[in-house]
Amino acid sequence: MKLYDQIFDVVKQFRKLFSPGPVTNADVSGSITAEIFLIVSLVLSAILLRHVNVLLAGLVTLIVAILLISNIPLIPKFKIEQEDSLEKMIFYAVLVLALLVTFMYWGGNLV
Amino acid sequence: MNELIPLMVIVPLMAALLISAFSKLNKVTKIFAFVVAICLPLIPLLSNYGLHYFGGYEPMLDNVTGIMYHPAITYSFTFLQQIIICAVGLLTFLVIFIYLTKYKKVSGPYLFLLFLGTAAVTAMILTDDIFHMFVFFEILALAQVGIVAASSIDFSYEMALKYMILGSIGSPIMLLGIGFLLALTGSVNVTDIALAVHTGLIDATSPVFLLSLALIFFGWLYASGLPPFHTIKSGIYSKAEPHGAALLQSFTVVSMISIVIIMFRIYSSLPIFEVLVVFFSILAMILGVSLALTQTDFRRMIGFLAVGELGFIGLGIGLGTNFSITAGLFQALNEIIITALLFIGFGAVVHATNEVDTRKLGGILAYHPKVSIMLLIGGLAMAGVPPLSGFQSKLMLVQASLSCGFPEISILAIMVSIATFVVFVKTYYTMFLKPKPNDLDLEGKEVPKSMVFAMGVLLIIIILLGIFPDVVTSGISNFVGGIL
Amino acid sequence: MAQTQLAILLTSAALIIIGLYSAIFIDNIIKKIIGISFIEEGANLFIVAIGYKAGGVVPILMPGMDTSWFAANAAYPLPFGLVLTSIVIGASTLAVMLALVMVLYRRYGTLSTKVMLADTSKQEEYNE
Amino acid sequence: MIEFVLCIIVILSAILALIQKDLLKAAILTGFSGGALAVLFQILLAPDVALTQAIVGAAIVPVFIALAVKKTQRSDS
């Protein structure tokens with residue numbers, strides 16, 4: 001029942017996402033689609049790890065699926081991270097740069 | 001007639017300078033801009049394939065090692081360049097035509113920026129010299145910022161400044177990567193560098209070489225608006241004038257493919273390169289489409305969709321076979337045209353209603369049937385519905401990923417197409433089919449004829465490419481065979 | 001003389017790291033722009049250091065120089081040409097950014113990035 | 001020897017420019033950094049780059065920043 005309640009609460013939480021302004025059916029259903037799409041596509045891309053190691057792929061897929069489903073609704077949290085204020089964008093840009101350089105310098109030959 | 005090859009860059013560049021110098025003469029400027037804009041798609045069609053060495057410095061043969069060196073900045077013009085430059089030129093012509101008919105008094109600086117951007121992307125796709133590409137990449141960034149800042153939409157200056165600050169992190173990092181390559185090979189010519197890598201003059205597993213890939217790759221992420229730059233890219237699309245946004249996205253696509261082709265030629269021997277490209281492309285597809293689903297501002301929504309579609313191009317290139325790269329480049333050509341159609345069409349809606357929030361719109365179909373039908377077909381083409389052009393390239397991509405042994409990627413590509421379709425149908429319903437809200441006034445507001453004309457031209461190209469994809473794909477396939 | 005090159009490379013790395021630090025942590029927009037311009041300077045310094053040859057001569061062929069001696073001892077001039085372009089581009093980018101800041105200051109009355117360049121939807125609320 | 005001193009000047013004035021409270025001082029310190037960089041380019045056997053950097057880095061950029069500061073506000077707050 002807990003999971004059911006959580007899914008039911010999702011719709012209420014989406015209301016905050018679209019404030020200020022009215023919330024229409026189309027917007028809420030779009031957000032729910034986005035939610036499902038996000039979970040399914042991330043799990044699906046986790047399966048791609050099977051080209052590295054089958055056991056690892058299974059583990060990662062399970063962990064990602066459990067983590068994502070137990071944390072719904074994802075989209076409001078997700079959208080806060082994806083807003084276009086300069087601080088967040090620069091932070092993510094520099095983070096990606098640091099990860100890329102670190103990964104390539106020490107792990108570029110592992111693949 | 002290889003003299004025409006440099007003219008593709010020089011004509012828009014000179015036109016830009018002349019227009020900004022003589023923008024006081026309104027009538028003359030209009031006629032001049034129109035004539036130059038007509039020439040832009042015609043020059044690549046008339047020109048022959050071949051190479052052009054600036055300054056006439058032919059390649060030199062080193063007698064000791066037997067290696068050819070390219071001392072001059074080289075422009076290479078093949079079928080891919082021809083088709084892409086022609087598409088961008090046509091788009092520039094349509095955008096300038098819309099702009100000239102929309103405003104009585106033309107602004108010289110704005111036309112200057114449009115022509116400058118076109119010249120910059122043309123040079124980027126033609127050039128065989130990595131530093132030359134970087135210079136035009138910076139010029140392109142300045143032109144993009146100018147186009148955004150020149151629009152009369154609220155908060156466009158803020159968005160321009162954000163884009164510029166992120167750009168001034170991205171471009172020096174890319175310059176640093178070019179510096180690493182220069183330190184390794186002593187050359188900036190892509191052919192020379194690729195030859196040095198493939199003949200084993202450079203150790204392809206050395207950390208310095210890998211680091212240069214990381215740094216240039218970061219610059220590429222900035223140029224193409226893949227994550228983490230997807231928010232700013234969709235932001236600048238939504239803050240530019242609609243016809244400007246149509247041109248901006250074509251600049252993005254062309255700069256993306258020109259840099260990625262150069263990277264592919266240099267780094268294709270490293271398996272990590274393809275992994276990186278596929279990883280960021282998948283991320284772009286997921287983030288772009290899922291964020292597009294939650295937007296209420298439809299210009300922002302199209303911006304995110306455009307970023308999501310870029311993922312398909314990256315996917316095709318990351319898979320690394322002849323067929324998949326052909327599919328990716330064909331998708332790039334389709335995206336230039338389809339997204340331009342959507343931006344112009346939604347721009348026409350903005351023009352007619354002065355409203356960008358989907359929740360406050362409705363019932364436009366009855367008032368503007370032509371625009372609505374054309375937008376519907378454009379959206380279906382983007383989602384990949386047969387027999388339109390988007391279907392052909394996406395089908396090729398799915399087939400390519402299946403034949404490479406990645407069924408997950410093809411499932412993901414189909415899912416992203418379906419989600420794109422959902423986004424589009426949802427927006428189409430709320431904007432065009434839903435009953436009209438009472439406070440929305442649609443009476444007596446006309447869509448400019450030039451916009452309808454531009455959409456019609458783009459639509460014809462979409463349908464033709466959808467029915468006869470072989471016209472383009474066979475030529476692109478030959479080009480890809482040359483770089484593999 | 002390898003020490004010289006090492007010192008130069010360390011300097012350019014330091015400049016780039018200072019620039020990236022200021023991009024994230026400094027709130028004042030003008031200082032942030034100053035900091036970001038250091039990234040460009042660091043990259044330029046690195047590329048000039050590539051062309052440097054320890055104990056070499058300036059790559060200008062003077063009359064009376066032996067050509068083969070010159071070819072063996074002159075610094076590599078291609079990176080210098082690239083840096084020239086890059087410096088000018090950096091200065092023009094800086095000028096455009098400062099111009100945009102001046103326009104935006106009139107609207108917001110502050111130089112804080114958190115106010116001036118916040119999320120678009122928050123800015124819409126702020127202006128209303 | 002002089003190149004080590006110059007390296008230290010470049011880095012130090014860059015850091016000092018970023019911790020100033022007065023933006024005009026930051027502009028002047030940027031000029032210091034750019035000027036020291038120009039001399040460094042001269043030591044690295046690139047006189048043409050040094051000339052450009054001396055004009056752009058030590059004169060034009062600080063003047064631009066100072067103008068921007070004059071049109072906005074002087075203190076960092």
Side-chain angles (χ1 to χ4, degrees), chain C residues 3-5 7-8 10-12 14-15 18-19 21-22 25-35 37-38 41-42 44-45 47-49 51-53 56-60 74-77 79-84 87-88 90-91 94-95 97-99 101-102 104-106 109-112, chain D residues 1-21 23-24 26-27 29-31 33-34 36-38 40-57 59-77:
Chain C
Q3 278 177 344
T4 310
Q5 222 158 2
I8 300 285
L10 284 178
T11 311
S12 78
L15 280 176
I18 291 169
Y21 174 86
S22 71
F25 292 106
I26 289 185
D27 187 45
N28 185 289
I29 185 78
I30 289 187
K31 274 209 237 171
K32 194 174 243 182
I33 290 172
I34 293 175
S37 74
F38 288 141
E41 288 186 356
N44 289 343
L45 189 57
I47 294 183
V48 170
Y52 174 66
K53 185 176 269 181
V57 294
V58 171
I60 301 169
Y76 187 41
F80 303 163
L82 307 188
V83 169
L84 273 182
I87 288 172
V88 176
L94 186 92
M97 284 198 282
L98 288 173
V101 168
M102 283 194 257
L104 288 177
Y105 180 78
R106 262 183 247 152
T110 172
L111 287 177
S112 168
Chain D
M1 198 56 219
I2 187 161
E3 57 263 25
F4 299 116
V5 179
L6 284 168
C7 285
I8 292 168
I9 291 175
V10 168
I11 297 174
L12 216 60
S13 53
I15 293 174
L16 280 176
L18 293 177
I19 57 174
Q20 288 301 318
K21 283 279 167 222
L23 290 176
L24 213 54
L29 282 166
T30 316
S33 172
L37 210 57
L40 213 51
F41 285 155
Q42 171 66 37
I43 291 171
L44 289 174
L45 306 175
D48 44 350
V49 185
L51 278 176
T52 318
Q53 172 71 23
I55 296 164
V56 171
I60 294 178
V61 168
V63 167
F64 278 167
I65 296 170
L67 274 177
V69 170
K70 192 166 187 307
K71 289 274 178 189
T72 55
Q73 66 182 28
R74 196 169 159 176
S75 71
D76 163 28
S77 56

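So that the names make sense, note that chain A is the first sequence line, chain B the second, and so on, each numbered from 1. Here the structure is a predicted model, which means the values were calculated and not measured.
Of the atoms belonging to D/L40, it is side-chain heavy atoms, and not backbone ones, that fall under 4.5 Å from chain C. Contact of C/A7 with chain D is made through backbone and side chain together, with heavy-atom distances under 4.5 Å. Both the backbone and the side chain of D/V49 come within contact range of chain C, judged by heavy atoms closer than 4.5 Å. Heavy atoms of D/L44 lying under 4.5 Å from chain C belong to its backbone as well as its side chain. Contact of D/F64 with chain C is made through backbone and side chain together, with heavy-atom distances under 4.5 Å. Interface remark: D/I2 contributes no atoms to any contact with chain C (heavy atom separation under 4.5 Å).
Of all heavy-atom pairs between D/A46 and C/V48, the closest is CB-CG1, 4.3 Å. The two residues D/Q20 and C/K31 have their closest heavy-atom pair at O-NZ, 2.7 Å. Between C/Y105 and D/Q73, the shortest heavy-atom distance links the atoms OH-OE1, 3.2 Å. C/I18 and D/A14 get closest at one heavy-atom pair: CD1-CB, 4.3 Å. Of all the heavy atoms in D/L45 and C/F80, the pair that sits closest is O-CE1, 3.2 Å. Annotation for D/S33 and C/E41: closest pair OG-OE1, 3.9 Å, computed over non-hydrogen atoms.
Ranked by heavy-atom pairs under 4.5 Å with chain D, the list C/P77, C/G51, C/G56 is led by C/G56. In terms of heavy-atom pairs under 4.5 angstrom with chain D, the leader among C/I26, C/L84, C/D27, C/V101 is C/L84. Your options are D/I15, D/L23, D/D48, D/I60, and the one with the most heavy-atom pairs under 4.5 Å with chain C is D/L23.
Of the inter-residue distances, the one linking C/F38 atom CZ with D/L18 atom CG reads 5.5 Å to the nearest 0.5 angstrom. Here the CE atom belonging to D/M1 is positioned 9.5 Å from the CD atom belonging to C/Q3, to the nearest 0.5 angstrom. Within the model, atoms CD1 of D/I43 and OG1 of C/T4 stand 8.5 Å from one another, a figure rounded to the nearest 0.5 Å.
Summarising the local packing, OH of C/Y21 is surrounded by 12 or fewer heavy atoms from other residues, nucleotides or ligands at distances under 6.0 Å.
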Full working for side chain to side chain contact (heavy atoms under 4.5 Å, CB included) between D/T72 and C/I29: CA-CA 11 Å; D/T72 55; C/I29 185 78; over 6 Å; no
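With D/V61 as the partner, the side chain to side chain contact (heavy atoms under 4.5 Å, CB included) test is satisfied by one option alone out of C/L94, C/I87, C/I34, C/L98: C/L94.
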